[in-house]
Amino acid sequence: MPSHHDLDEFPAQLWRMVAVAPHRLLMLDYDGTLAPFAVARSEARPTPRSLELLRRIAASRHTSVAIVSGRPLDEVEALLGEVPGFFVGEHGWESRAPNGDLVRWPVERPVAAAIDAAEALARDAGWGTLLERKRSAVVLHTRGQAKARAREIEAACMSAWGPIAAGGLVALDAINGGVELRARSRNKGTVVLSLLAQSAPGTLGVFVGDDATDEDAFEAVLDRGFGVRVGDASRPTVAQAWLPSCDAVPSFLEEWLRIEDATGEPGT
C-alpha cells in the first residue's frame, strides 16, 4: 500500500511549484516507474490504484499527462488502456497525440544497419533468446538470469556493441535489467522539449523515470520544471527529486491529485 513516508525526502519547494503552476505537464516512464519490472514483459503492469490515479489526473483541467517509454507504442497503449494524454514509444520514434494522430519517424538506413549489425553479433554470441528487436533499437534483456550470469552477459554485450556505438549513429546504455543500443537522434530529452513546445506558456514540466535513458529527459526539463528519479538514491542523476522505489509512485500521484483538487484554479 502507498504510504506518506514514501514522500518523506521529496523537496517541499517542488510541491509548491506544482501548486502555483498555471498548467502542468506530467510525463512518466513506464517500466520501473508506473509498472514494477517483471521477467515476462507482458506481465509488467501498474497497480489498479496507480491506473485510477493516473486517469483522474489526466482527466483534470490543469494537468496534461504523457507516457514516455522505450517500449513500442502499441505495447504501452495495450498495457495502460484508456488514459487521456500523449503516448510516446521507442524513446520518441513514435507517438500518438490525445486526438489520435499517430506519427512514426523513419529510421535512416545507416542507423538501421548499425542496429542490424548489433543484433547479428548478439545472435552469433548465443543471446538470441534474450533479444528484443524494435524498429529503432535492439535490447538485450537479462532479467530472470542468475545475477552473476546476467552481469557476465551484459559486460560481454557492452564490449561487443561498443565499436558499433563508437560510430556515433547509435547510443549504447546499460539499463535496468540489460543493455540497449538505440538510434541516437531522438531520445526522451527531445520528447520533453517537443511536448513542452506544444504546451501553453508557463506550463510546468515534470518527468518521472527510473533509468539511465531517462537522464536526457531530466536534463531537458530543468528550464521548465524538474525531474523525479525513481529507485536507488546513490545513483548519479540530474533529477531534482527522488522516490525510493516504483512502490512510491502511487503516493506521488496521490499527492499530485490532492494538490490539483486543493488548488482548483492553479496560481491562486
Side-chain angles (χ1 to χ4, degrees), residues 23-37 41 44-46 50-51 53-55 57-58 63-105 107 132 134-137 139 171 173 175-177 180 182-199 203-231 237-241 243 246 249 252-253 256:
H23 191 77
R24 304 142 186 156
L25 173 62
L26 177 59
M27 300 166 280
L28 303 106
D29 177 39
Y30 185 80
D31 291 283
T33 300
L34 273 175
F37 289 112
R41 288 168 47 76
R45 296 179 177 273
S50 289
L51 269 180
L53 290 164
L54 188 64
R55 287 168 179 156
I57 292 169
T63 296
S64 300
V65 166
I67 307 303
V68 184
S69 176
R71 285 181 184 254
L73 183 62
D74 57 355
E75 284 188 21
V76 183
E77 291 179 320
L79 288 164
L80 277 175
E82 294 295 325
V83 174
F86 294 89
F87 281 78
V88 181
E90 295 201 28
H91 302 283
W93 286 92
E94 49 188 22
S95 66
R96 193 184 305 277
N99 65 4
D101 287 350
L102 173 66
V103 178
R104 284 194 169 95
W105 285 268
V107 178
E132 176 196 8
K134 297 181 278 190
R135 200 169 54 90
S136 63
V139 186
D173 290 300
I175 61 172
N176 196 324
E180 182 168 25
R182 56 189 170 83
R184 180 182 288 279
S185 58
R186 292 184 180 276
N187 57 45
K188 292 183 180 181
T190 61
V191 170
V192 166
L193 294 176
S194 175
L195 290 173
L196 285 171
Q198 298 173 55
S199 301
T203 293
L204 175 77
V206 177
F207 194 98
V208 188
D210 74 298
D211 214 342
T213 59
D214 297 309
E215 291 296 325
D216 293 321
F218 297 149
E219 186 169 356
V221 82
L222 283 177
D223 288 341
R224 294 276 298 272
F226 59 89
V228 182
R229 183 72 184 249
V230 179
T237 182
V238 296
Q240 294 170 287
L243 296 173
C246 184
V249 172
F252 171 85
L253 296 175
W256 188 288

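- Annotation for Glu219: atom CD does not count as buried by contact number, only 12 or fewer foreign heavy atoms lying within 6.0 Å.
- Relative to the six-membered ring of Trp105, Arg186 meets both conditions, a distance below 6.0 Å and an angle of at most 45° to the axis.
- A donor-acceptor contact shorter than 3.5 Å is absent between the side chain of Arg224 and the backbone of Val206.
- Distance alone, capped at 3.5 Å, is enough to place a donor-acceptor pair between the Glu94 side chain and the Leu73 backbone.
- With hydrogens and angles disregarded, a donor-acceptor distance shorter than 3.5 Å links the side chain of Tyr30 to the backbone of Ala44.
- Remark: side-chain polar atoms of Glu90 are not paired, donor with acceptor, to backbone N or O of Gly70 under 3.5 angstrom.
- Between the side chain of Asn187 and the main chain of Thr190, a donor-acceptor pair closer than 3.5 Å is present.
- Residues forming a side-chain hydrogen bond (donor to acceptor under 3.5 Å, both in side chains) with Arg182 (at least two apart in sequence, or on another chain): Asp173.
- Looking at every heavy atom in both residues, Gly209 comes nearest to Phe218 through O-CZ, 3.5 Å.
- Proximity of Thr33 to Val228: side-chain heavy atoms (C-beta onward) are nowhere separated by under 4.5 Å.
- Of the possible donor and acceptor atoms, none in the side chain of Arg45 sits under 3.5 Å from a partner among the backbone N and O of Ala35.
- Checking Thr237 against Glu215 by side-chain atom types alone, a donor-acceptor pair falls below 3.5 Å.
- A donor and an acceptor atom, one from each side chain of His23 and Ser64, are located under 3.5 Å apart.
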